[in-house]
Amino acid sequence: MITLLEARGIGKRFGGLTALEDVSLTIRQGEVYGLIGPNGAGKTTFFNVLTGSYVPEAGEFVFEGAELPLGKPHRVVGAGIARTFQNIRLFRELSALENVMCGHHIRTRAGLWGILSQNRHTREEERLTTERAFELLRYVGIEAVADRVARNLSYGDQRRLEIARALATEPRLLALDEPAAGMNATETGQLRGLIEQIRQDGITVLLIEHDVKLVMGLCDRVAVLDFGRKIAEDVPAAVQKDPAVIAAYLGGGPRHGQ
Amino acid sequence: MEILLQQIVNGLVVGSVYALVALGYTMVYGILGLINFAHGEVLMIGALTALQTIGVIQRVSPDMAPLAQLAFALGVAVPVCMALGFLMERLAYRRLRNAPRLAPLITAIGVSFLLQTLAMIIWGRNYHTFPQLISTEPLEPVAGVFVTPVQLAIVGVSVALMVGLLLLVNRTRLGRAMRATAENHRVASLMGVDVNGIIAATFVIGAGLAAVAGVMFGANYGIAHYAMGSLPGLKAFTAAVLGGIGNLGGAMVGGIVLGLVESLGAGYIEHLSFGFLNSSYQDIFAFLILGLVLIFRPTGLLGERVSDRA
Amino acid sequence: MNKLPLFPASLPGKAQWVLLIVLALAAPVLAGYFGRTWVRVLDFALLYMLLALGLNLVVGFAGLLDLGYIAFYAVGAYTWAFLGSPHFEVHWPFWAILPLGAGFAALAGIILGFPVLRLRGDYLAIVTLGFGEIVRIFMNNLNYPVNITNGPQGINGLDPLVLFGWDLSRALGLGGLQVHSLYLYYYFFLLCVAGAVVFIHRVQVSRIGRAWAAMREDELAAKAIGIDTRAMKLLAFALGATFGGVAGGLFGSFQGFVSPESFSLMESIAVLTMVVFGGMGNIAGAIVGALVLTFLPELLRHIAVPVQQSLFGQVLLDPEVLRMLLLSLAMILMMLAKPEGLVPARARYSRTAHLEGRA
């Protein structure tokens with residue numbers, strides 16, 4: 001199995017608070033990799049460091065054999081890693097279609113001159129972006145609301161739109177931050193189907209989730225964070241039985257710093 | 001050497017005025033995250049109202065002692081400005097508290113513009129002379145430096161007000177409520193704080209300080225007119241940022257520092273620029289400082305304190 | 001064809017456009033019927049449209065509140081003053097000066113843009129305001145020790161617009177009719193505005209327009225999908241400034257003199273008011289805002305003075321004050337009552353004709 005992303009010794013501090021400490025993990029190509037842990041464990045911080053919103057104090061990422069630029073979100077996306085947000089950050093006044101088209105920005109090249117002169121290359125690119133965006137809307141199942149303004153979409157549709165937008169950046173690793181939050185059982189089932197489909201289409205998925213059923217059923221491997229440290233990294237069945245993990249979720253047992 | 005000391009004195013005087021106005025900016029920003037663009041105009045209204053009052057007094061009872069006239073003028077100008085501050089918040093800003101980012105700022109700009117226009121209508125476009133109620137005759141020079149009673153009064157009153165404000169914020173219930181609201185509106189209201197009232201109080205207090213600053217500004221420079229508030233307002237905002245926005249001590253320090261830099265800069269600018277620039281460029285300093293601070297140390301000298309409106 | 005905002009919806013798209021073109025071509029004739037001053041007002045309205053369109057690009061599309069926008073106007077105008085007037089005894093043709101003015105303005109935009117890139121909204125506003133003021137202070141004071149800008153008196157005798165031998169400041173004889181220079185300038189300015197609209201519309205419905213919209217809506221999310229927000233902000237500043245620069249050059253040639261007074265903070269705010277009042281973020285809004293807020297003060301000026309004379313025997317509110325009052329009230333009331341502005345059309349950043357027959 002090929003390693004897609006390797007995190008080595010990632011450390012992140014905010015003033016006196018250590019959010020991540022010496023976190024190392026390996027994500028293999030083609031798998032669905034879960035990142036779990038109690039609230040405040042540092043999962044979203046890890047996402048933020050990976051995608052360049054924060055600069056880590058220590059450690060590095062190796063993605064597809066090359067070192068990932070730190071602290072530069074748009075270059076991380078350029079390298080092939082896209083993310084969604086825990087509390088949905090769509091472009092609310094743009095239509096669903098336009099939201100997805102924005103995701104295609106980084107894979108297109110038309111410059112000011114081409115746009116002003118509307119030369120053939122620019123028009124082709126624009127057509128391609130529009131069609132690709134529509135295809136992605138269909139892929140996640142919301143093509144019917146392509147023209148609707150994002151803030152008027154239902155919660156479930158908004159979540160799917162965010163995934164479509166991330167897919168428009170043509171990532172090889174898709175990082176989803178709690179995609180099932182606020183969803184009922186049916187919707188979660190549909191989400192699971194979508195993620196399976198994404199994996200089948202060759203995109204590796206990194207997933208932060210609290211929904212145990214979803215994680216256990218979907219993820220090939222899982223890493224557990226607690227107080228900023230990785231305390232387990234294995235297949236879900238093994239992690240479920242790991243005493244350190246149980247202790248982290250339920251309290252009691254040895255704690256970081258004691 | 002005397003020149004240097006003289007410039008320092010001048011800088012301290014101007015700096016105290018900036019500090020008073022900066023306090024208003026910093027308090028409002030700390031509590032609402034809004035730059036009250038119209039705050040400089042409050043300074044102007046304070047000065048012109050005081051001027052008007054003195055004019056009336058001097059016609060009605062011209063024998064009143066100058067200090068009494070001044071006190072009277074302040075007694076009118078301060079409440080007027082406080083009412084103005086209250087109205088601004090109530091009519092314009094409150095409705096926009098949850099509006100998208102640019103809306104409150106744009107409205108504040110509109111309010112500022114409107115106030116200038118109203119002042120233009122009421123007091124005309126001319127420069128008015130501010131009466132010399134405190135002597136501007138220099139006292140005995142100390143170490144070759146001339147200081148006038150007006151300047152002493154300005155610094156004295158400013159210091160007194162700043163101390164008063166610090167005591168208010170740190171030692172009273174109102175102050176505690178203000179600090180709590182500045183940290184987090186929602187939690188403060190859950191603790192029983194009347195958030196709307198506190199916000200109104202913040203505007204009112206800031207406006208009162210600006211009114212006094214306006215009178216002092218008028219007394220220091222001897223003139224008052226409808227556009228006198230906009231540049232000092234901007235500079236005072238710069239001072240607030242320089243010291244750390246939301247931070248009261250920062251506003252005071254920032255004001256003094258800005259005053260000093262401006263004064264010294266104006267004095268030495270010709271030397272520094274080999275005669276190319278002269279003292280009429282002195283307004284640039286404030287903007288340059290603003291730019292530099294925001295690029296190199298955006299949290300300001302003493303660190304910023306903005307509310308956590310999660 | 002897309003339907004136009006403000007036009008009766010019952011009219012088909014094409015008819016709306018025809019109506020618009022006819023109105024635009026006939027406007028100066030209609031205005032001239034009431035007196036030549038109104039044609040002049042129209043000319044200024046067109047210049048303000050250019051400014052509003054440029055500022056709308058920065059504020060409305062990219063979401064950057066630039067309060068010093070008028071500085072770019074000043075750069076364009078003074079470039080004309082330097083290169084097309086007796087001041088330095090340089091008289092270059094318009095096709096050299098205008099692009100240079102635009103270029104200098106764009107450069108100024110980039111110089112301004114660089115340091116302010118990572119500032120948040122309100123700080124950005126103040127710093128850009130400071131920039132505008134600094135430019136004005138320099139314009140006002142660069143007459144000593146070396147006289148560059150002639151200080152507060154400004155520079156006079158700017159060359160008029162001469163289009164390849166055709167001097168727009170001279171009336172044109174058309175078979176017995178004398179077409180006054182004001183009309184000639186109108187049609188040229190109209191051409192410029194039309195060009196600007198096409199230009200901006202193309203940028204709006206492009207990856208750049210979408211990137212700006214994304215940045216404006218949620219900068220963090222925009223970065224998270226790979227948009228280089230720094231570059232996009234610089235581009236917005238530079239492009240917006242270019243419009244200001246061109247408008248400035250045209251203004252210089254039209255008015256014949258420039259002075260720092262025309263480029264005050266108040267003017268920056270006036271243009272901002274036009275954008276906000278008309279409807280921030282869409283092209284029609286900028287045009288309507290500029291039109292209304294250039295005409296209304298002039299209308300008031302013509303009504304208010306005689307009315308006040310007859311009612312009060314004297315003029316209490318002179319026209320300049322009225323203009324300021326109107327603008328400030330327009331800004332405040334619009335923000336409180338209808339923040340989307342007069343023309344709330346949602347700007348479209350995509351052409352869905354590509355998808356006809358898909359859904």
Side-chain angles (χ1 to χ4, degrees), chain B residues 29 33-35 37-38 91-93 95-96 99-121 124-125 226-227 230-231 234-235 237-238 241 245 270 274-284 286-296 298, chain C residues 59 63-65 67-68 114-127 129-134 137-138 140-142 144-146 151 216-217 264-266 268-270 272-273 275-276 280 316-318 320-337 339:
Chain B
Y29 197 91
L34 163 79
I35 301 182
F37 213 83
L91 296 176
Y93 300 146
R95 299 188 48 172
L96 298 169
R101 319 165 309 155
L102 297 181
L105 187 54
I106 294 178
T107 311
I109 294 172
V111 172
S112 158
F113 210 6
L114 181 66
L115 287 176
Q116 279 193 45
T117 310
L118 290 175
M120 212 196 283
I121 294 175
R125 252 189 267 229
Y226 76 95
S230 101
L231 212 48
L234 274 172
K235 293 181 185 176
F237 176 71
T238 304
V241 173
I245 196 84
E270 274 199 73
F274 308 108
F276 192 70
L277 301 174
N278 53 46
S279 59
S280 43
Y281 285 92
Q282 75 168 29
D283 293 332
I284 294 186
F287 299 124
L288 284 177
I289 289 184
L290 185 62
L292 289 172
V293 169
L294 289 177
I295 297 173
F296 293 112
Chain C
V59 178
L64 308 164
L65 187 56
L67 291 180
F114 240 106
V116 307
L117 286 179
R118 42 209 164 104
L119 295 179
R120 48 179 190 255
D122 22 24
Y123 284 171
L124 179 78
I126 301 288
V127 172
L129 191 157
F131 178 79
E133 284 295 279
I134 291 180
I137 290 176
F138 270 97
N140 217 9
N141 290 298
L142 271 180
Y144 171 89
V146 177
R216 176 190 75 226
E217 290 288 316
S264 62
L265 173 61
M266 203 153 290
S268 268
I269 295 181
L272 179 66
T273 309
V275 172
V276 167
M280 208 159 52
L316 290 174
L317 301 174
D318 70 55
E320 190 48 46
V321 170
L322 275 176
R323 180 177 184 247
M324 281 177 69
L325 196 59
L326 186 69
L327 287 175
S328 53
L329 283 175
M331 174 95 95
I332 299 176
L333 291 176
M334 196 48 89
M335 275 282 111
L336 289 178

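Order of the sequence lines sets the chain letters (A, B, ...), proteins ahead of strands, with each chain counted from 1.
Interface check for chain B: of the options C:Glu320, C:Met331, C:Met280, C:Met324, the most heavy-atom pairs under 4.5 Å are formed by C:Met324. Ranked by non-hydrogen atom pairs under 4.5 Å with chain C, the options B:Val111, B:Leu115, B:Leu288 are led by B:Val111.
Of all heavy-atom pairs spanning B:Arg95 and C:Leu336, the tightest one is NH2-O, 3.4 Å. The shortest non-hydrogen separation linking C:Glu133 to B:Leu231 is OE1-CD1, 4.3 Å. Residues B:Thr117 and C:Ser328 come closest through the heavy atom pair OG1-OG, 4.1 Å. Contact between C:Pro115 and B:Ile295 at its shortest, heavy atoms only, is CB-CD1, 3.4 Å. Taking all atoms of both residues into account, the shortest heavy-atom contact from C:Ala125 to B:Leu105 is CB-CD2, 3.5 Å.
To the nearest 0.5 angstrom, B:Ile109 atom CD1 is 11.0 Å from C:Ile332 atom CD1. Atom CD1 of B:Ile35 sits about 4.0 Å away from atom CD1 of C:Ile126, to the nearest 0.5 Å. In this structure, the separation between CD1 on C:Ile269 and CZ on B:Phe37 is 5.5 Å, given to the nearest 0.5 Å. Interatomic distance, CG of B:Asp283 versus CD1 of C:Ile137, reported as 4.5 Å (0.5 Å rounding). Atom CG of C:Leu129 and atom OG of B:Ser230 lie 8.0 Å apart (nearest 0.5 Å). Expressed to the nearest 0.5 Å, how far CG of C:Asp122 lies from OH of B:Tyr29 amounts to 4.0 Å.
Interface residue C:Leu67: only side-chain heavy atoms are found under 4.5 Å from chain B. Neither the backbone nor the side chain of C:Leu322 comes within contact range of chain B; no heavy atom of the residue lies under 4.5 Å from a heavy atom of that chain. Heavy atoms closer than 4.5 Å to chain B are found in both the backbone and the side chain of C:Leu325. With a 4.5 angstrom heavy-atom cutoff, B:Leu234 touches chain C only via side-chain atoms. Of the atoms belonging to C:Met335, heavy atoms from both backbone and side chain fall under 4.5 Å from chain B. The part of B:Leu96 that comes within reach of chain C is its side chain, from C-beta onward, which places non-hydrogen atoms under 4.5 angstrom from that chain. Both the backbone and the side chain of C:Val321 come within contact range of chain B, judged by heavy atoms closer than 4.5 Å. Residue C:Pro339 does not touch chain B at all, counting heavy-atom pairs closer than 4.5 Å. In this structure, no portion of C:Met334 lies under 4.5 Å from any heavy atom of chain B.
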From CA spacing to verdict: side-chain contact (heavy atoms from CB on, under 4.5 Å), B:Gln116, C:Met266: CA-CA 11 Å; B:Gln116 279 193 45; C:Met266 203 153 290; 3.8 Å; yes
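Enclosure of atom CZ in C:Arg118 is not indicated, since only 12 or fewer non-hydrogen atoms of other residues, nucleotides or ligands lie within 6.0 angstrom.
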